[in-house]
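What follows is a set of notes on a single structure, which appears directly below.
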Amino acid sequence: MHSPTTHDGTSRRDRSTMRDYTGTTAIVTGASAGLGVEFARALGGRGANLVLVARRGDRLETLAEELRDAHAVDVHTLALDLASPEATETLVAFVREKGLTIDSLINNAGFATHGEFITTDPARLDEEVRLNVGAVVAFTRAFLPEMTASGRGVLVNLASTAAFQPVPLMAVYGATKGFVLDFTHALAYETRHTGLRVTALCPGATKTEFFDIAGDGARVGDFAVPSEVVAVAMRALDARRTPSKIVAGAKNSISSAIARVLPRGLVTPVTARLMAE
Ligand SMILES: NC(=O)c1ccc[n+]([C@@H]2O[C@H](COP(=O)([O-])OP(=O)(O)OC[C@H]3O[C@@H](n4cnc5c(N)ncnc54)[C@H](OP(=O)(O)O)[C@@H]3O)[C@@H](O)[C@H]2O)c1
């Protein structure tokens, strides 16, 4: 039976099973642009109080005002470089100082370097690993005890379809996302009896600021719309059993399933050709 769709792409039938996050608190990293903005809107729209983190504090404050007005939720903002060595200490201190207990964490901040590894700025590569991997591990470790004790929230780590095979010309990015994917699968298992829903979201190319930073040559396939990618994730998180990975888009689901099982010697040159197009 056809169920009518609402403005956020969810159907009326989906809405009846939508989880309520009222009274919980969620951290969204990278909430100044792209998918992070949409996660903040989606969780705020379902009643979650929010801690929004990224470097561009002016953008975070604009979003915070929008969400406070629209949903009457508490929204805190923290302008912070999450790749810096003191990031975890600063974030934890901020949360404690505000007297907050964290139920949900969206480890979303991330970026890619595109090009030959041998000529890529080593400082950018270091930042990429510290943000895409280091921050994800450190923030998860810092807040997992209270998130599992609460059992009312979600841990979403942003992986990518780049996680399913080596990615020449984005070698470090692909490897960081492969780490995030397997790390998240393992954590989903370790926390399976706690009520915390744990998943790795794997979008394909999505229309955000990501490619302005990585460079256009990094794009493979058509662009998805960020609000739709987040709606897919929120629906999967509503399910009775949350999958430990969510691949956004039917085509991406098929290609990533194939890429995962193909021998690396076969899939790597194919990916290299696609990246070079
Ligand atoms: N777009 C895609 O095609 C795509 C596909 C698969 C996976 N992903 C993943 O999705 C996540 C979100 O990406 P997006 O597409 O939404 O990209 P985006 O539009 O470029 O947004 C990236 C966010 O990360 C924040 N960020 C970057 N470096 C930071 C740092 N050092 N400290 C704090 N915050 C930092 C940015 O904020 P500030 O600049 O204000 O700090 C921004 O809010 C990333 O993990 C990305 O790898 C994206």
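Remember, it's 1-based here, ligands and their atoms both numbered in the order they're listed. Quick caveat: nothing in here was measured; it's all calculated off a predicted structure.
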*Are E228 and K207 close enough, and set up right, to give a salt bridge (Lys or Arg N to Asp or Glu O under 4.0 Å), and what steps lead you there?*
CA-CA 11 Å; E228 287 172 9; K207 190 90 194 132; over 6 Å; no
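Set against the non-hydrogen atoms of L82, the atoms of ligand 1 under 4.0 Å away are 30 (C), 31 (N), 32 (N), 33 (C). Residue-ligand proximity, G34 to ligand 1, at heavy-atom distances under 4.0 Å covers atoms 16 (O), 19 (O). Applying the 4.0 Å criterion to heavy atoms of F211 picks out, from ligand 1, the atoms 3 (O). Ligand 1 places these atoms under 4.0 Å from at least one heavy atom of R56: 37 (O), 38 (P), 39 (O), 40 (O). Annotation for ligand 1: atoms under 4.0 Å from non-hydrogen atoms of A205 are 3 (O). In the vicinity of S32, heavy-atom distances shorter than 4.0 Å reach the ligand 1 atoms 36 (C), 37 (O), 38 (P), 40 (O), 42 (C), 43 (O). Every atom of ligand 1 with a heavy atom of D81 under 4.0 Å away is listed here by number and element: 30 (C), 31 (N), 32 (N).
Compare T208, I213, V53 by their heavy atoms: the one nearest to atom 1 (N) of ligand 1 is in T208. The nearest non-hydrogen atom to atom 7 (C) of ligand 1, considering only G110, A248, A159, A54, comes from A159. Looking at K177, R59, R55 and measuring to atom 41 (O) of ligand 1, the nearest heavy atom belongs to R55. Considering A109, G204, A31, A33 only, the shortest heavy-atom separation from atom 24 (O) of ligand 1 involves A109. If you check each of F210, F111, Y173, F223 against atom 18 (P) of ligand 1, the one with the closest non-hydrogen atom is F210.
The salt bridge (Lys or Arg N to Asp or Glu O under 4.0 Å) search around D182 returns R260, not counting sequence neighbours.
Residue L50 holds its CG atom at 5.5 Å from CG of L52, rounded to the nearest 0.5 Å.
In this structure, E146 contributes its side chain and I102 its backbone to a donor-acceptor pair below 3.5 Å.
The two residues G110 and N132 have their closest heavy-atom pair at CA-OD1, 3.3 Å. V53 and I27 make their closest contact through CG2-CG2, 4.2 Å (heavy atoms, listed as atom of the first residue, atom of the second, distance).
Between the side chains of N49 and T24, no donor-acceptor pair of N or O atoms lies under 3.5 Å.
At a heavy-atom cutoff of 4.0 Å, ligand 1 is contacted by no atom of A112, backbone or side chain. Of the heavy atoms in K207, none comes closer than 4.0 Å to ligand 1. Proximity of T161 to ligand 1, defined as any heavy-atom pair under 4.0 Å, is not found for any part of the residue.
An N or O contact shorter than 3.5 Å links G30 to ligand 1 by distance.
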